[in-house]
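Input: a single structure, listed below in structure tokens.
Both backbone and side-chain heavy atoms feed into the values below; hydrogens, waters and symmetry mates do not.
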Amino acid sequence: MHTLYFDLRDTKGQQKTIEDNISAAARLLRDGALVAIPTETVYGLGANGLDGGAVRRIFEAKGRPQDNPLILHLTGAQWLPRYCRDIPPMAYVLARKFWPGPLTMILKRGELVPDVTTAGLDTVAVRCPNHPVTLSILREAGVPVAAPSANLSGRPSCTSAQDVLEDMDGRIEGVVDGGPCVVGVESTILDMTCEPPRLLRPGGLPLEELERLIGPIAIDRVVTGQMAEGERPRAPGMKYRHYAPKAPVTVVTGAPAKSAQEIKRRAGPTTGVICFDEYVRMFPDQVVHPLGPVEDKLIQAQRVFEALRAFDATKVTEIYTQCPDGQGLGLAVANRLKKAAGFHEVEADSEKIVLGLTGGTGAGKSSALAVLRELGAVVLDCDQVYHEMLARDEEMQKDISNAFPGVFRSDGSLNREKLGQEVFMKKEQLEKLNAIVYHFLVPEIQRRLDEAGDSVCAIDAINLLESGLDIVCDRTVAITSPTELRVRRIMARDNITERYARMRVTAQKPDEYYRGKCSCELSNDADTPEEFQRMARRFFGRLIRGVREEKQNKKI
């Protein structure tokens, strides 16, 4: 197959040629052909999104798994009712503010959209790209265009037409050159079918900007970790390893100076290095691709795929990369680097051991934490930190009060029982509260962990897994206990009725949930607190020794 090349870069004196090329590219799309198109984020591999046969060819050309849904590209929010249903008003608020732009929304799918475009889901991903060439092609074609990134599946995304030709020449009918992509990472994906909205993929629109407009947003676990085996992806880029060059990648996290030193210690003559501009001179003997200045997240986003792709033309056998923090566009850059590494990461020069304790109320976490304190651990009780923040964090108070009017007493204190009655009986209300709490609590816990230095730390959180805090833990420990024992403990501890205690227990996840998702389990079926503490001392002593030995072995 011969791939046509359309140069639509804005060059003076070529307006007629540009218009002709737009018409030709649009005609190819209408006729069922595959055409790579530029966007502000990355280049997309486009096909008529309503033509099932054309869309299937996208999967064939890329080698893309069939259960990985595609994004439908539109010219504006006016087309949403045609291809989506049950559209929440908030979707139009977001579209007015951020379209055209790097925001993809997950909405309920309309009848016109074929199964192959959505991978059989009852939802569809939609966005309006912010690139004048592609918007002109979409208008001329008159059809929505389904378009994943225009790279071979698993490889780094393409941010130039030359990248596309490297992967797709001879596989598709056309490549439209609209110049280099100005953002450099894919669009942000927001699931609007749940409350609160859920971030499924960080991208070119920072989470902070979205939250300033619509309030708290839940963050899906796949943003910082891998999907569970057998779990079905709800949006592009969630399930499979992406963005990977041929050589294996290791992400080194931590303060920039420390992460650069850690890479220097590990690097050999065939090591490739991706580092911030300030540390390039540390690696005179390695193939180095600068990621950008430490503080410039936009340049990092523009360079990340270019850096990952460039190593394939070298003889490096391994790649180490520094990683930005999770603020602004840094969250998207870090996500792409970690996906390229298959989430293989090391923390720079840290002797810190972080244990995450979770399980239902009354299971015995407080007794376990008392043992860890005896062993010298710094203990962070998320419930205690939450209530400390409630007393001083006006923004948290305001968000909870707006979501649940009347739960604060006249003296400003929280009426826990009133709030509990509102949230424990309705799943959507509990999710709303959790999203607000995670938004404020997670950064505070991470800050306190940083302050703890190189020590053993223990995080106590019922929602350790759901909040995403488990990703910072060396081990996660499920504290489990029989239901009747938990009910009696809660009644005695909190001086509440049996009915309310049972309501709290049944509102939480069963032991099987924690048992299946945590690294290990400490079962509390002891007859006395003293007996359980003896069990816990033996358990945590062995666990800490094991983690410490593992960290030492990694440094050898």
Side-chain angles (χ1 to χ4, degrees), residues 3-15 17-18 21-22 25 34-46 62 71 73 98 100-104 127-138 145 147-152 155-169 172 174-188 201-206 237 242-243 245 274 276-277 280 288-293 296-314 321 324 328-330 332-333 335-337 340:
T3 299
L4 297 174
Y5 173 76
F6 302 101
D7 189 349
L8 273 74
R9 288 170 292 179
D10 189 11
T11 304
K12 291 181 179 179
Q14 293 187 345
Q15 188 60 38
T17 302
I18 289 173
N21 284 340
I22 286 172
L34 302 187
V35 180
I37 52 177
T39 77
E40 78 281 24
T41 57
V42 298
Y43 273 71
L45 181 53
K62 282 178 60 72
I71 295 173
H73 291 68
F98 298 118
L103 171 65
T104 293
R127 96 170 181 102
C128 175
N130 189 17
H131 196 291
V133 165
T134 290
L135 285 173
S136 295
I137 292 172
L138 289 173
V145 171
S149 54
N151 52 283
L152 289 173
R155 290 208 71 209
S157 298
C158 301
T159 55
S160 71
Q162 288 67 39
D163 289 343
V164 177
L165 287 169
E166 181 181 307
D167 279 16
M168 290 293 163
D169 194 12
I172 63 178
V175 174
V176 175
D177 190 344
C181 299
V182 297
V183 175
V185 292
E186 293 88 349
S187 59
T188 299
R201 181 179 74 185
L205 179 61
H242 284 269
Y243 322 122
I274 300 174
F276 301 121
D277 290 2
V280 169
V288 179
H289 287 279
L291 189 59
D296 197 327
K297 305 292 177 57
L298 177 57
I299 290 181
Q300 293 166 25
Q302 292 169 343
R303 290 184 182 178
V304 62
F305 290 133
E306 176 188 348
L308 288 168
R309 293 182 72 90
F311 286 107
D312 284 350
T314 71
T321 177
L329 282 174
V333 176
N335 172 266
R336 301 316 190 268
L337 289 170

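The line from NE2 of His131 to CG of Leu8 is 9.0 Å long, rounded to the nearest 0.5 Å. The structure places CG of Leu205 at 5.5 Å from CG of Leu103, a figure rounded to the nearest 0.5 Å. Summarising the geometry, atom OG belonging to Ser157 is positioned 3.5 Å from atom CD belonging to Glu186; distances are rounded to the nearest 0.5 Å. In this structure, Cys158 SG and Glu166 CD are separated by 7.5 Å, a value rounded to the nearest 0.5 Å. Rounding to the nearest 0.5 angstrom, the gap separating the OG1 atom in Thr321 from the CG atom in Leu308 is 7.0 Å. Note that OH of Tyr5 is 10.0 Å distant from CG of Asn21, once rounded to the nearest 0.5 Å.
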> Given the rule in the side-chain contact (heavy atoms from CB on, under 4.5 Å) test, do Leu45 and Lys62 qualify, once you have shown the distances and angles that lead to the verdict?
Replying inline: CA-CA 9 Å; Leu45 181 53; Lys62 282 178 60 72; 3.7 Å; yes
>> Let's go through Ile137 and His73 carefully: what are the C-alpha distance in whole Å and the side-chain angles of both, what is the deciding distance for side-chain contact (heavy atoms from CB on, under 4.5 Å) to 0.1 Å, and is it a yes or a no?
In response: CA-CA 11 Å; Ile137 292 172; His73 291 68; over 6 Å; no
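Tyr43 places no side-chain N or O within 3.5 Å of a backbone atom of Cys181 that could act as its donor or acceptor partner. Side-chain atoms of Asp177 do not come within 3.5 Å of backbone N or O of Phe6 as any donor-acceptor pair. With hydrogens and angles disregarded, no donor-acceptor distance shorter than 3.5 Å links the side chain of His289 to the backbone of Ala310. A donor-acceptor pair under 3.5 Å is formed between the side chain of Thr188 and the backbone N or O of Gly203.
You'll find the side chain of Leu135 reaches within 4.5 Å of the side chain of Cys128, heavy atoms only. Using a 4.5 Å heavy-atom threshold, the side chains of Asp312 and Arg155 count as touching. Leu337 is listed as a side-chain neighbour of Val304, based on a closest heavy-atom distance under 4.5 Å.
Counting all heavy atoms, side chain and backbone alike, Val185 lies closest to Thr41 at O-CB, 3.1 Å. When all heavy atoms are compared, the tightest approach of Asn130 to Glu40 is N-OE1, 3.0 Å. Contact between Leu329 and Ala301 at its shortest, heavy atoms only, is CD1-CB, 4.4 Å. When all heavy atoms of Gly204 and Val183 are compared, the pair lying nearest together is CA-CG1, 3.7 Å. Closest heavy-atom contact between Gln300 and Pro324: OE1-CB, 3.2 Å. In terms of heavy atoms, Thr3 sits closest to Met168 at OG1-O, 3.9 Å.
Of the residues Asn151, Thr159, Asp167, the one that meets the side-chain hydrogen bond (donor to acceptor under 3.5 Å, both in side chains) test with Arg309 is Asp167.
Side-chain polar atoms of Ser187 and Arg201 form a donor-acceptor pair below 3.5 angstrom. Judged by distance alone, the side chains of Thr39 and Arg127 do bring a donor and an acceptor atom under 3.5 Å apart.
With a 6.0 Å radius and a threshold of 12 heavy atoms from other residues, nucleotides or ligands, Gln302 has its CD atom above the threshold.
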